[in-house]
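Shown next, in structure tokens, is the structure this report addresses.
In listed order, ligands and their atoms are each counted from 1.
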Amino acid sequence: MHVNKPLTLLGGISPAEFMSTYWQRKPLLVRQAFPQFKALLSRSELFDLAQHNEVESRLVMGTNGGQRDWRMQRGPFKRRAIPKLTERDWTLLVQGVDLHDDRMAALMHQFRFIPDARLDDVMVSYASDGGGVGPHFDSYDVFLLQAHGQRRWRIGRQKDLSLVPEMPLKILAHFRPEQDWVLDPGDMLYLPPRYAHEGIAQGECMTYSVGFRVPQTGDLARELLVRLSEGAEDTAGGDLYKDASQAAVSHPAQVPQGLNEFARLALQKSLKDPKALQRALGEYLTEPKANVYFEMGDAPHQLKSVYLDRRSKMMYDAQHIFLNGESWRAAGKDAVLMRQLANQRCLSAEDLAKASADAVSLLLEWCDDGWLHAGA
Ligand code: SIN
Ligand code: CO
């Protein structure tokens, strides 16, 4: 991607300018970010997806006007559990649609001027007239693309993010909108984290939210420490605590000082190898979501071209290649080729002509796993 090239998607500014001026800072409304946009998924295709166990979906009902009362149910939803289209004020939200539809994955990939490690998923909402999820804020950045019909968005910078207690949804107690727009198909609104907003459907409405993954220190530390401790067991066989000098105790409930020191050293040891930390991070970032299963593929006899499955997550760092939660050390020509695959998500016949025998056998293995597919 050319980061300095102006994009219609961003209202004529470049990704570089967007990142330095708006990202994580301030909202951006782009009229006709996708000119003549047609919804990629029909209403019935979305309702079909919401029937599946492995698809995360929610139904939100709110009464419009006066005092609102919010209700929320979690999917899967049989078709008959979805309210009538003529009924007002309901929304069906379907998460991770990019995992199930190539067109949705391609739409999300238009935002790859932001690192893959940050891109999360595309959520699709379908709402009847008056439908919405109430005034709220999200903890991540979001691009809200109007896909079908109209939605009125009201947004505000407010600092008071207190919530209405005992609601099934996060609803702001004191929403103070400052800007108000009606979005048509193809229009898009970017919002940074914690920006107050409310979108209300005007007639039948579909909105796509391109959402981001926000690593949070506590979660990240837990994930990394689990992975690092597994690595430490593999290599050291796990050193055992020794306390030959332990004196007899009259306060048996007290934690021995020696054990504190042992614990500190154990953590220090697992963090000692910087490559182990890099590996743990890459494996964690590319771990497929819990509901993703790959069907075994058929490796072809000869590779002409290859492309990554839409659900595959591939990243790299200076020493490693990561794919779907696994890592490989890579250097030289092979690393260049694998990085190219990770960035482009495909390799042409010309690219493959430069591949070593080892690289080709790894690519064939990934085809078998269903992570990579052979092109024409
Ligand atoms: C929606 O699409 O209804 C809600 C999206 C959001 O407010 O984040
Ligand atoms: Co939101």
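When non-hydrogen atoms are compared, ligand 1 lies under 4.0 Å from the side chain of R151 (C-beta onward) but not from its backbone. At a heavy-atom cutoff of 4.0 Å, ligand 1 is contacted by no atom of F137, backbone or side chain.
For the 3.5 Å distance criterion, the side chains of D358 and S356 fail to qualify, holding no donor opposite an acceptor. Judged purely by distance below 3.5 Å, without hydrogens or angles, the side chains of E56 and N291 never pair a donor atom with an acceptor atom.
Put simply, the residue from D184, D187, D180 that forms a salt bridge (Lys or Arg N to Asp or Glu O under 4.0 Å) with R152 is D180.
The shortest side-chain heavy-atom distance between W23 and Y190 falls under the 4.5 Å cut-off.
Closest to atom 7 (O) of ligand 1 among all protein heavy atoms lies H136 CE1, 3.0 Å. In terms of protein heavy-atom proximity, atom 4 (C) of ligand 1 is nearest to V133 CG2, 3.9 Å.
Below 3.5 Å of separation, one finds an N or O of D138 facing an N or O of ligand 1. The distance criterion of under 3.5 Å between nitrogen or oxygen atoms is not met by T91 with respect to ligand 1. At under 3.5 Å, a nitrogen or oxygen of S125, whether backbone or side chain, sits near a nitrogen or oxygen of ligand 1.
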L85/W90 under side-chain contact (heavy atoms from CB on, under 4.5 Å): CA gap, chis, key distance, verdict: CA-CA 9 Å; L85 303 181; W90 62 270; 4.2 Å; yes
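Of all atoms in ligand 1, listed by their number and element, those nearer than 4.0 Å to a heavy atom of S209 are 5 (C). Every atom of ligand 1 is numbered from 1 in the order shown, and the set under 4.0 Å from a heavy atom of H197 is 6 (C), 7 (O), 8 (O).
Residues Y307 and L337 do not share a hydrophobic cluster, defined by chaining ILVMFWY side chains whose heavy atoms lie under 4.5 Å apart.
Look at Y140 and you'll find every heavy atom at least 4.0 Å from all atoms of ligand 1.
In this structure, K313 is not positioned above the aromatic face of F322 in the sense of NZ or CZ being under 6.0 Å from the six-membered ring centre and within 45° of the axis.
Between Y22 and F18, the ring planes lie parallel to each other; the angle is under 30°, not in the 30° to 60° tilted range.
The atom name of the N/O/S atom in D138 closest to the Co ion (ligand 2) is OD2. Of all N, O or S atoms in H197, the one lying closest to the Co ion (ligand 2) is NE2.
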